[in-house]
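Contents: one structure, followed by commentary.
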Amino acid sequence: YNQEIVTLMEQVQSTSDQEQLSTAEHRLFAMFKQVVDDLDHDRMAGDSAESFMLTWNQAIQAVRHRQLLFGAQSGRAAH
């Protein structure tokens, strides 16, 4: 999961497309759901989940930050 998150973060940092940001956000939440399911079914250790959550939190913050930046830019362009 962490490698996939790193790949998503690289895409997020290099995009200026709101749709790509939305897609990344949806993928992150799908991964989150899968990790919870893996934990519930003992397919993942607790320390692995903690590592995932650290990485996941950074990624979702990066997505939200980019969304705010692009929202502010499009707001200024409308004026």
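Just so it is clear, the values below take in all heavy atoms, side chains as well, and ignore hydrogens, waters and symmetry mates.
- Here the CG atom belonging to L28 is positioned 11.0 Å from the OG1 atom belonging to T23, to the nearest 0.5 angstrom.
- Contact annotation: the side chain of N2 never approaches that of V6 to less than 4.5 Å [non-hydrogen atoms, C-beta and beyond].
- L54 has its side chain out of reach of Q58: every pair of non-hydrogen atoms, C-beta onward, lies at least 4.5 Å apart.
- Counting heavy atoms from C-beta on, the side chains of L39 and V35 come closer than 4.5 Å.
- Looking only at side-chain heavy atoms (C-beta outward), Y1 and D38 come within less than 4.5 Å of each other.
- One distance of note links OG1 of T55 with CD of Q3; it measures 9.5 Å at 0.5 Å rounding.
- The backbone N or O of S22 lies less than 3.5 Å from a partner atom in the side chain of H26, making a donor-acceptor pair.
- Between S16 atom OG and L21 atom CG the span is 8.5 Å, to the nearest 0.5 Å.
- A62 and Q13 get closest at one heavy-atom pair: CB-NE2, 3.7 Å.
- Annotation: salt bridge (Lys or Arg N to Asp or Glu O under 4.0 Å) contacts involving residues 50-69, sequence neighbours excluded, comprise E25-R64.
- For E4, the salt bridge (Lys or Arg N to Asp or Glu O under 4.0 Å) partners at least two apart in sequence or on another chain are R27.
- Between the side chain of D37 and the backbone N or O of K33 there is no donor-acceptor pair closer than 3.5 Å.
- With hydrogens and angles ignored, the 3.5 Å screen pairs no side-chain donor or acceptor of S51 with any backbone N or O of D47.
- Taking the six-membered ring for Trp and thresholds of 30 and 60 degrees, F32 and W56 have ring planes inclined between 30 and 60 degrees apart.
- For the side chain to side chain donor-acceptor pair (under 3.5 Å) test, no residue two or more places apart in sequence or in another chain qualifies with S48.
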Tell me, with the steps shown, if Q11 and Q20 meet side chain to side chain contact (heavy atoms under 4.5 Å, CB included). CA-CA 8 Å; Q11 293 169 359; Q20 278 188 310; 5.8 Å; no
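- Proximity of a side-chain donor or acceptor of T15 to a complementary backbone N or O of V12 within less than 3.5 Å is not detected.
- A 6.0 Å sphere centred on CD of E19 holds no more than 12 heavy atoms belonging to other residues, nucleotides or ligands.
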